[in-house]
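Data block below; observations after.
Whatever order the structure lists ligands and atoms in, that order sets their numbers, starting from 1.
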Amino acid sequence: MTTTPIERQDLVRMIACEDPDERKKLYDSAYDIKLNQVGKLVYFRGIIEFSNICTKNCYYCGIRRENTAFNRFSMTKDEILECAQLAHEYHYGSIVLQAGERNDPDFVDFVTDVVHRIKLISNNDLGITLSLGEQTQETYRRWFEAGAHRYLIRIETSNQNLYRSLHPEDHDFDRRLACINILRGIGYQVGTGVMIGLPGQTVEDLADDILFFRNLDVDMIGMGPYIVHHDTPMAVEATDFNPARQLRLGLNMIAATRIALKDVNIAATTALQALDPRGRELGLKAGANIIMPNITHTRYRSSYQLYENKPCLDENAGLCRACLSHRITGIGEEIGYGKWGDSPHFHKRNQSNK
Ligand code: 5AD
Ligand code: SF4
Ligand code: FES
């Protein structure tokens, strides 16, 4: 195994790789690194997408504020707790609470209370990851004190010009980046990620995204292919959308990130499965080690579509559990039931800070 640091041109080569034999070699070497660095267990994070109300207006996202073509919902506390209870019964080690972005005091209080109650009803067993966008330091701190210990906030792209083209004027790259550093300072395990195959994005941009992850020293990566949503301004630009290319780029990015970052947790995200029924398994084979089964009540799933062709809209949590366990054991991997499955990187980072 090579010990020379991975350079930008190595990453570009991996991300651009199209030849099927070369890709197989790339995924196999990423898989070996995964086995050595994080092991063969796949960890489940049951995801509860508890509200599609969003104050932001990202040009690519189906639940952006100005899209009025669907109904907005917010699950009640009791409904969220029911889902969390189910995750606990299923021995999922952790859950993710995700929603559109809101910063109003009612929302902040709501989340604080929900986090607190989930820790109580699960005897502190369930790890809680939040994915609720940009917030103040004070809010992040309150949610951490209530019991959340991981936070996901994607930078979306590390190319600031591209970032500006994906978002309205009032969205700010530097503010988002500052959030990542604040979260880490508070003590969260921090995850970030990007969308892959955006209109106007080059393989060099994607290589820079991986270098950005490495420089930021993050613990978790959640990234997935960009998928068109027709009720968004970006659909107009994405006229040459090619699902096979998006899948290939998504898998190449997972492999290249595993090879460059080694001991972080990397999710095989649902967007991969929107492109190919076996997308998430392919992600695991290319170096990912985390899966996020949907545990949101079925009645809300169709109203939470950030992109089109999202899988599991008609299934319930039990069906997704059975389906995923079948898929994962089918490729010879094991599920780490009942474990938090923190990234080894987080613990190493903390030891070296002590
Ligand atoms: N395609 C793929 N991913 C998307 N996201 C939002 N819209 C899309 C889309 N059209 C991702 C963003 C966001 C995460 C919650 O969902 O990266 O951070
Ligand atoms: Fe809101 Fe997130 Fe969608 Fe942007 S990507 S519109 S912040 S839900
Ligand atoms: Fe939901 Fe397969 S994971 S149906």
Side-chain angles (χ1 to χ4, degrees), residues 44 46-47 49-67 72 96-103 129-135 151-157 163 166-168 170-172 175-176 179-180 191-199 201 209 221-235 237-238 241 243 246-247 249-250 267-281 291-296 298 301 303-328 330:
F44 276 1
I47 183 162
E49 296 161 334
F50 69 86
S51 168
N52 63 1
I53 299 174
C54 188
T55 54
K56 294 184 107 180
N57 227 349
C58 309
Y59 294 144
Y60 44 83
C61 178
I63 65 169
R64 63 198 300 274
R65 185 179 71 224
E66 281 174 15
N67 186 6
R72 302 279 171 176
V96 181
L97 296 177
Q98 189 179 76
E101 190 172 311
R102 276 176 61 185
N103 315 101
T129 306
L130 300 179
S131 174
L132 301 170
E134 293 165 35
Q135 303 290 341
Y151 204 101
L152 289 173
I153 179 162
R154 290 185 177 180
I155 196 72
E156 314 298 0
T157 172
Y163 187 92
L166 303 175
H167 300 104
D170 58 339
H171 295 37
D172 182 11
R175 191 174 62 216
R176 204 160 177 86
C179 287
I180 299 179
T192 192
V194 293
M195 282 179 291
I196 302 162
L198 290 159
Q201 187 183 43
D209 290 339
I221 302 293
M223 60 186 170
Y226 162 67
I227 299 172
V228 177
H229 190 299
H230 279 98
D231 293 323
T232 60
M234 236 171 81
E237 289 170 60
F241 186 78
Q246 296 301 94
L247 179 68
L249 278 179
T269 52
T270 312
L272 291 169
Q273 202 184 321
L275 296 166
D276 182 307
R278 295 190 57 235
R280 288 196 268 187
E281 294 95 290
I291 295 256
M292 293 153 76
N294 197 330
I295 53 171
T296 314
T298 313
R301 292 188 183 194
S303 307
Y304 199 90
Q305 292 191 65
L306 280 53
Y307 48 82
E308 279 161 16
N309 216 14
K310 187 175 174 209
C312 311
L313 293 185
D314 299 323
E315 282 75 12
N316 61 28
L319 286 172
C320 287
R321 179 184 197 246
C323 166
L324 280 173
S325 109
H326 183 71
R327 286 168 182 272
I328 290 166

**Request:** Give the residue and atom name of whichever protein heavy atom lies nearest to atom 10 (N) of ligand 1, and the separation in Å to one decimal.
**Result:** I227 O, 2.7 Å
**Message:** So does E134 get a backbone contact from the side chain of E101, meaning a donor-acceptor N/O pair under 3.5 Å?
**Reply:** yes
**Prompt:** For ligand 3, is any non-hydrogen atom under 4.0 Å from R280's backbone (N, CA, C, O), its side chain (CB onward), both, or neither?
**Reply:** side chain
**Prompt:** Nearest protein heavy-atom contact for atom 16 (O) of ligand 1: which residue, which atom, what distance?
**Reply:** L306 CD2, 3.2 Å
**Message:** Just to confirm my output: which protein heavy-atom neighbour is closest to atom 4 (C) of ligand 1, and how far is it?
**Reply:** M195 SD, 3.5 Å
**Fill in**
Near Q98 (heavy-atom distance under 4.0 Å), the atoms of ligand 1 are 15 (C)
**Heteroatom distance test (R154, ligand 1): nitrogen or oxygen, under 3.5 angstrom** = yes
**Asked** Does atom 2 (Fe) of ligand 2 have a protein non-hydrogen atom under 4.0 Å from it?
**Response** no
**Message:** Please work out, at 4.0 Å between heavy atoms, whether the side chain, the backbone, both, or neither of H229 comes within that distance of ligand 1.
**Reply:** neither
**Message:** Would you compute the distance between atom CE of M223 and atom CG of D209 and round it to the nearest 0.5 angstrom?
**Reply:** 9.0 Å
**Prompt:** Do H229 and Q305 get their side chains close enough for a donor-acceptor pair, meaning under 3.5 Å?
**Reply:** no
**Prompt:** Taking all non-hydrogen atoms of both residues, which atom of S303 and which atom of N52 are closest, and how far apart?
**Reply:** O-ND2, 2.7 Å
**Request:** Have a look at ligand 1 and work out which part of C61, if any, has a heavy atom under 4.0 Å from it: side chain, backbone, both or neither.
**Result:** both
**Message:** Tell me whether E156 has any N or O atom under 3.5 angstrom from an N or O of ligand 1.
**Reply:** yes
**Fill in**
Smallest heavy-atom separation, L313 atom then T298 atom, equals O-CG2, 3.6 Å
**Asked** Considering all heavy atoms of both residues, which atom of A274 and which atom of I227 are nearest to each other, and what is their separation?
**Response** CB-CD1, 3.5 Å
**Contacts of atom 4 (Fe) of ligand 2 with protein N/O/S atoms, counting only those under 2.8 Å** = C58 SG
**Asked** Under 4.0 Å from any heavy atom of Y226, which atoms of ligand 1 are there?
**Response** 1 (N), 2 (C), 9 (C), 10 (N)
**Message:** Which residue in the set R280, R278, K310 passes side chain to side chain donor-acceptor pair (under 3.5 Å) when paired with Q273?
**Reply:** R280
**Item:** Residue and atom names of protein N/O/S atoms that fall under 2.8 Å from atom 2 (Fe) of ligand 3
**Value:** C323 SG
**Message:** Does either side chain, that of Y304 or that of Q98, offer a donor lying less than 3.5 Å from an acceptor on the other one?
**Reply:** yes
**Prompt:** Hey, does the side chain of S51 reach the backbone of A99 with a donor-acceptor pair shorter than 3.5 angstrom?
**Reply:** no
**Asked** Which pair of heavy atoms, one from N294 and one from E49, lies closest together, and at what distance?
**Response** ND2-OE1, 3.5 Å
**Message:** Polar contacts were defined as any N/O atom of the residue lying under 3.5 Å from an N/O atom of the ligand; does this apply to Y307 and ligand 1?
**Reply:** no
**Closest approach of M292 to L152 (non-hydrogen atoms, all atoms of both residues)** = CE-CD1, 4.3 Å
**Item:** Rounded distance [0.5 Å steps], NZ in K56 versus CZ in R64
**Value:** 12.5 Å
**Item:** Region of S131 engaging ligand 1 - heavy atom pairs below 4.0 Å
**Value:** neither
**Asked** ligand 1 and A271, any nitrogen or oxygen pair closer than 3.5 angstrom?
**Response** no
**Message:** Give me the residue, atom name and distance of the protein heavy atom closest to atom 7 (N) of ligand 1.
**Reply:** Y60 CD1, 3.3 Å
**Asked** Do Q135 and Y151 have side-chain heavy atoms sitting under 4.5 Å apart?
**Response** yes
**Message:** Which of the numbered atoms in ligand 1 are under 4.0 angstrom from any heavy atom belonging to P225?
**Reply:** 2 (C)
**Message:** If I take atom CG from residue L319 and atom CG from residue D314, how far apart are they, to the nearest 0.5 angstrom?
**Reply:** 10.0 Å
**Nearest-0.5 Å distance that lies between atom OH in Y226 and atom CD in Q246** = 8.5 Å
**Asked** Would you call the rings of Y163 and H167 parallel, tilted or perpendicular, where under 30° means parallel and over 60° means perpendicular?
**Response** tilted
**Distance, nearest 0.5 Å, that separates CG of L166 from CE of M234** = 5.5 Å
